[in-house]
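By convention in this document, chain letters (A, B, ...) are assigned in the order of the sequence lines, proteins followed by strands, and residues within each chain are numbered from 1.
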Number of protein chains: 2
Amino acid sequence: MSTIEAVDVDVGESVSLHQRILSDISERILSGAWAPGHRIPFEHELTAEYKCSRMTVNKALSQLAKAGLIERRRRSGSFVRRPQSQAAVLEIHDIRIEVEALGLPYRYERVARHKRRSSAEDRALLELDSNGPVLALECRHFAGKRPFAHEQRLINLAAVAEAADEEFHAIAPGPWLIARVPWSAAEHRIRAVAADRHIAAALDIEPGAPCLVVERRTWSAEHPVTHVRFTYAAESHALVARFTPSQG
Amino acid sequence: MSTIEAVDVDVGESVSLHQRILSDISERILSGAWAPGHRIPFEHELTAEYKCSRMTVNKALSQLAKAGLIERRRRSGSFVRRPQSQAAVLEIHDIRIEVEALGLPYRYERVARHKRRSSAEDRALLELDSNGPVLALECRHFAGKRPFAHEQRLINLAAVAEAADEEFHAIAPGPWLIARVPWSAAEHRIRAVAADRHIAAALDIEPGAPCLVVERRTWSAEHPVTHVRFTYAAESHALVARFTPSQG
DNA sequence: CCTTTCAATATGTATATACATAATCGCCAT
DNA sequence: ATGGCGATTATGTATATACATATTGAAAGG
């Protein structure tokens, strides 16, 4: 989405100087005019070029440095960085949103719900220390008549006690949690697997068919909150991630 | 990786004030102490709290706003934002790096190389307008004795003319391109597929076995540069993406 | 009572200035 | 030559200040 913004032409009076310096320089870098390793003008030179104070130039360059486009070295100057590792932003939307974006009616179904002391397996998935209580959920998400995704979820009841009183018949656990728990970190693991019998039945596909699995572990202020595994039939889903060098 | 940094304790004298304000406030937000919608103190109040100038506070708050943790409203103040959509950073490393991270010896093999006028299919993959020349490559990446990934790549020779003279016997096209072409944008598409005969043979797995496919399209200053499809056998690979609210 | 107007307020952007810090260059003595 | 040392230089961080701008709340006028 921001791919568009990145090439916005300065129609240009109302833009701040800060922004102008930023986009000027990043354009010269991204167009290749200033190749990796090239030393960009010193702050005092840019000060002259843009007729502004060093503070303004400094702010812009610091931002480019934070964005990873340039590297700054004291006494030596600022240099265009060589791209390091491809980093992309993966937006993981609520499944309802994804389904509705396809123009299909969304339906949610709770298949099972168990409250129990955490087993060794639960603790491994949640990265939990104690054997406190967890809530295990199994759900299906439909796009039109077809099952779209299968959800297996564990909720750490020590972190989210209210979940024990929720049946999750009407609302899916994802949006329920988002509305209640401020998350501070999450880890996603994405892989391909063959459908086992259980998954195949739930998604109405052949056993052994390829599936995309997205597992997410979520923490809130150092406490594990939830572990969820979404399984999508191969045809139904692709994840899209975009990289755009950040412009501030 | 930055999950760790996010909770770095201020051992604290050498940290800049700027950094201290930033981490202080984001910790209060992420711990839930300041819930979404909460109005955080005005700049002049923080100025008093941290005994520093408004500029310093302003810089920190502007950064938090850019990171999406807070929303600033003139005359009203700054407010903690409600988490919008899950966004995670997916780092896509060079395959050599990934293999070596597993402690296995890396080997690269060029299977095929064709220079041709772009076909309709090539143009669709590259999002190319003209029917200019392209270079089509097929490669294999090994981890130890086992094939780890299969690579199918198209390079737009109009954008990277020098590629026409490179055989890609010794060096893989990925690192070759990274070292030469500054990319400005990339789009990744991740899905699960069943191995066809060709892929199965290349990866030494059964036809029909699930595979993880990562496709990447890369642009440099508005020109399509390359399209690449990596196929991994299901057992060999998982992608990991991490979300950490950005701290600057 | 409703609308218009105006002043107060919080943020947005920019300046000039100051001193700290890290890295490099060149001089000097060995 | 060479090794150390101080001066120079570019960036890093912070301050005080000024004015612009958007938005709110209250006063003034119809």
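Note: CZ (B/Arg73) to P (C/dG12) measures 12 Å, nearest angstrom. Rounding to whole angstrom units, CD of residue A/Glu45 and C1' of D/dT11 are separated by 14 Å. Taking atom CZ of B/Phe42 as the reference point, atom P of D/dT23 lies 16 Å away to the nearest angstrom. Straight-line distance from the CD atom of A/Glu43 to the C1' atom of C/dA22: 14 Å, rounded to whole Å. Between A/Glu71 atom CD and D/dG12 atom P the separation is 11 Å, expressed in whole Å.
Between B/Arg72 and C/dT11, a side-chain N or O to OP1/OP2 separation shorter than 4.0 Å is present.
The two atoms that bring A/Ala35 and A/Val80 nearest to each other are O-CB, 3.4 Å, heavy atoms only.
Pairs engaging residues 181-190 of chain B under the salt bridge (Lys or Arg N to Asp or Glu O under 4.0 Å) rule: A/Arg242-B/Glu187, B/Glu187-B/Arg189, B/Glu187-B/Arg217 [sequence neighbours left out].
Between B/Glu166 and B/Arg110, no side-chain nitrogen of the basic residue sits less than 4.0 Å from a carboxylate oxygen of the acidic one, so the salt-bridge criterion is not met. Ionic pairing of B/Glu109 and B/Arg140 is present here: one or more N-O contacts between side-chain nitrogen and carboxylate oxygen are shorter than 4.0 angstrom.
The CG atom of B/Leu125 sits 12.5 Å away from atom CG of B/Asn156, with the distance rounded to the nearest 0.5 Å.
A residue-by-residue look at A/Pro41 and B/Arg75 shows that A/Pro41 has its nearest nucleotide of DNA chain D further toward the 5' end. The 5' end of DNA chain C is approached more closely, in terms of each residue's nearest nucleotide, by B/His44 than by the other of B/His44 and A/Ser76.
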Expected string for nucleotides 13-21 of chain C under the B/S/- scheme (protein heavy atoms, under 4.0 Å, primed atoms plus P, OP1, OP2 as sugar-phosphate) is BBBBBB--B
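Judged purely by atom type and a 3.5 angstrom limit, A/Tyr106 has no side-chain atom pairing as donor or acceptor with the backbone of A/Ile95.
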